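Just so it is clear, the model here is predicted, and its values are computed rather than measured. The chains referred to below are lettered A, B, ... by the order of the sequence lines, with proteins before strands, and numbering in each begins at 1.
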Amino acid sequence: MSRRMVTAEPGAHPETRSTLLEVVDLKTRFRTDAGTVHAVDGVSFTLDRGRTLGVVGESGSGKTVLSRSVMGLLPSRNVEREGHVLYEGTDIIGFDQKRMSQVWGAEMAMVFQDPMTSLNPVMKIGNQITESLRFHLGVDKGEASATAVALLKSVGIPAAEQRLKEYPHQLSGGMRQRVTIAIALACGPKVLFADEPTTALDVTVQAQILDLLAEQQRERHMAMILVSHDLGVVAGRTDEIMVMYGGRVVEQAPTDVLFADVKMPYTEALLRSIPRIEHPSHARLEAIPGRPPKLISPPKGCNFAPRCRYAQPKCTEETPPLVAADDPRHLYRCWFPVGSAEGADALARNLADGTTVAYPTSPGSAPAAATPGTDGEGA
Amino acid sequence: MRFVRRKLIQLVVVLLCVTFLSFLLISLLPGDPATKLCAGAGGQECVDQKRTELRLDDPIPVRYVRWLGDAVTGDLGASARNQQPVWEALTQRVPVTIELLLYSQFMALIIAIPLGLLAAQRAGGILDRVSTTVLFGLLAVPSFMLALLLIYIFPVKLGWFQATGYTDFTDNPLESLGSLFLPALSLAAAEMAVYMRLLRTDLIATLQEDYITMAKAKGMPPRRILLRHAFKPSSFSLITVIGLNFGRLIGGALIIEIIFGINGLGKYTVDSILGQDFIPVQGAVLVIAVGYVLINFAVDMLYAALDPRIRHARALA
Ligand SMILES: Nc1ncnc2c1ncn2[C@@H]1O[C@H](COP(=O)(O)OP(=O)(O)O)[C@@H](O)[C@H]1O
Ligand SMILES: [Mg+2]
């Protein structure tokens, strides 16, 4: 991989709308004592240069495993990876550690969920930034320091020169996440994976960090995969959204298309659980009743059926395929989609009975069927 | 720095405690030094005279302060057997034992650290299992047995190294290290397994940390991740145990010094105890106790050097 300028050239977008990253039928399994965990089960997507893909799903739906699997960051033990990850046309799935270290940092970078744990507590911030500059770009110490200061300034850290000599614990959570962003951006990656970059942060700084990411992305013409459990976070900040459930993609569409015409009951439930200004933070996705699916020998049928307001006997028998809606870019995985005649019938039937296939014996208490209101009942 | 100041105050308090206990230890033993000094000759008259001379009838706190004052000015009394001043004997003996202890710790670490690093990188691999088995085998062998075995194999059968004796480090460093090679190895053998496993376990935990994945995601090579990112935060248990081990090793050194005929602190202590010569024993106990306290102070300082969070901690205990 060639060495590139660290600083972006604003406005220089030579290759607009060309594919940067293509993931084809990616599967990732963990071999554990309890059995095989199908954490990512056949995910495909395409990411163009400079575009943003949102990956949304509850905790445990496989978002982190997907990001790390695409980047090849999972440990090699007990992990099986299948499928293709085409980066600039080259399948990197078979790359060894040595070849990957040319990709990591320089081509693909990652911002982690929790800045309290993703920075090395016993290393100075300056060294944590400059080491990758020196490794990837081969610059000398002084040049690396100067670049580090420029990077810290560009991510909005005041007194950047001083910060170089400080340790992570001397900064607040928001400042630390800015530092991890600076580290990720240091060598000018073409795609940034942001794995719930604001989940661990104070509500007041969440928007600032997301704005910072958007701003850096624009300036650098960098593609981004923005992972979140919160559909509200990705709504205004992505070109395309992929909704994950139990390691599978259940709905995928350009952002505006998705919000105009939600097909998947799970996406609908997520939409209803977006925190409102009136009661922010906490109690977001817990609001969908029931538990996420087992990933070890999952039962047949749709894996959301046990929690679905629309579920019919067919849903627990046959696994719905990923099919296209009227707009061919809009894919979903459901037998009784929202907004269709079948879906409306199914919902009406369940509401009339007060049950679903998943809760046949507990009428009244069947939360998915009987109480459509899934907003959090207080934090 | 607050941390250092607090630790220094603690150090002074602990030093006062251990010196007082060392002082008390001998004062409370049956058969006071006066009787011992007059053994064989002089009778009661001599004993009384010695008691006044040594001012043994003063209250304990007064005697302690006087004793401590003498001790810090280098007067720890003299042996009853050969009249050699204890301070003089200690200045000859203590450096030998310090060399032996440091040498053995160094040996243990130079084996344990690389093995621990490699074993952690491939936990459950061949190297991990083989080194663990071999080192635990060594741990099971008592050091005196290993010492005898080493004497039998090297000096006796192969004619390598000397079986006994010691060359002063200041005379000839290389020869000195040669003369202590087998004694140090006898002591080190049992430590290697513990050190290696401690480092390995902590490293494996550290390697699961997010900041390690982050370093990997930056493209840092595995060796750099292991040495620059993981080693330092994984070394705290190891350092703690090394510090604690010095105390235990002094006990081990005692036997080893006798087997290899090395005139160190351990041998001095044993000889004095067997000769019911209390003043030297008191001096030796004092040196061991103070040395132990100082080593643990050094360990605390090392924590602070390694972990900025400890350096900057304010109200932590
Ligand atoms: N190393 C692992 N071994 C076994 N199971 C794992 C491992 N890592 C993740 N998983 C499982 O994979 C699933 C997806 O996890 P994750 O990707 O972290 O979810 P998300 O990021 O969406 O919250 C979870 O059920 C989790 O328990
Ligand atoms: Mg996650």
Side-chain angles (χ1 to χ4, degrees), chain A residues 1 64 67-68 71-78 97-125 127-137 165-170 176 179-180 183-184 186-187 189 192-193 195 200, chain B residues 1-3 119-129 199-200 202-239 301-316:
Chain A
M1 312 279 159
T64 296
S67 330
R68 294 192 183 190
M71 265 187 86
L73 281 174
L74 293 167
S76 52
R77 297 185 69 220
N78 311 325
Q97 183 105 16
K98 205 164 172 197
R99 290 178 78 186
M100 278 315 287
S101 66
Q102 299 301 313
V103 175
W104 289 326
E107 304 291 328
M108 300 179 171
M110 185 176 269
V111 173
F112 292 76
Q113 177 167 344
D114 189 354
M116 298 296 161
T117 57
S118 59
L119 288 170
N120 191 328
V122 301
M123 244 172 118
K124 285 184 185 139
I125 285 160
N127 289 339
Q128 299 194 46
I129 303 174
T130 53
E131 66 170 354
S132 57
L133 289 169
R134 302 193 60 190
F135 179 77
H136 288 293
L137 308 177
K165 288 184 231 87
E166 291 187 353
Y167 290 92
H169 73 271
Q170 293 168 281
R176 287 194 211 192
V179 171
T180 67
I183 291 173
C187 298
L192 181 70
F193 291 77
D195 186 2
Chain B
M1 282 198 293
R2 283 179 74 118
F3 175 79
Q121 205 170 25
R122 299 222 184 288
I126 297 277
L127 183 103
D128 185 13
R129 279 175 302 177
L199 181 61
R200 173 192 172 276
D202 283 8
L203 265 172
I204 287 174
T206 303
L207 290 173
Q208 313 284 323
E209 295 281 347
D210 268 358
Y211 59 81
I212 297 298
T213 313
M214 171 105 169
K216 194 172 160 186
K218 285 195 275 186
M220 294 298 111
R223 215 174 58 173
R224 186 180 167 88
I225 291 178
L226 199 62
L227 296 176
R228 288 272 305 168
H229 288 263
F231 182 42
K232 211 159 121 183
S234 309
S235 56
F236 291 90
S237 320
L238 181 63
I239 289 167
M301 291 299 109
L302 254 180
Y303 288 155
L306 289 176
D307 192 339
R309 288 166 299 183
I310 294 177
R311 270 201 305 283
H312 301 144
R314 300 210 161 255
L316 287 174

Contact origin within B:Leu306 toward chain A - heavy atom pairs under 4.5 Å: backbone

task: Identify which part of B:Arg228 has an atom lying under 4.5 Å from any heavy atom of chain A, answering side chain, backbone, both or neither.
output: both

Using heavy-atom distances under 4.5 Å, tell me whether [X] contacts chain B through its side chain, its backbone, both, or neither.
| X | value |
| --- | --- |
| A:Gln113 | neither |
| A:Met100 | neither |
| A:Gln97 | side chain |
| A:Ile183 | side chain |

task: For B:Arg122, look at atom CZ and say whether over 12 heavy atoms of other residues, nucleotides or ligands are found less than 6.0 Å away.
output: no

statement: Heaviest contributor of heavy-atom pairs below 4.5 Å to chain B, chosen from A:Asp114, A:Val111, A:Val122, A:Asn120, is A:Asn120

Any residue meeting ring pair (Phe, Tyr, Trp, His ring centres under 6.0 Å) with B:Phe236, in chain and number order, not counting sequence neighbours: B:Tyr303

Test side-chain contact (heavy atoms from CB on, under 4.5 Å) applied to A:Pro75 - qualifying residues, sequence neighbours left out: none

message: So A:Met123 and A:Glu131, do their side chains get closer than 4.5 Å, heavy atoms only?
response: yes

message: Evaluate B:Met301 against B:Phe3 for side chain to side chain contact (heavy atoms under 4.5 Å, CB included), listing each step before the verdict.
response: CA-CA 9 Å; B:Met301 291 299 109; B:Phe3 175 79; 3.9 Å; yes

message: Nearest 0.5 Å, please: how far is CG in B:Leu199 from OG1 in B:Thr206?
response: 9.0 Å

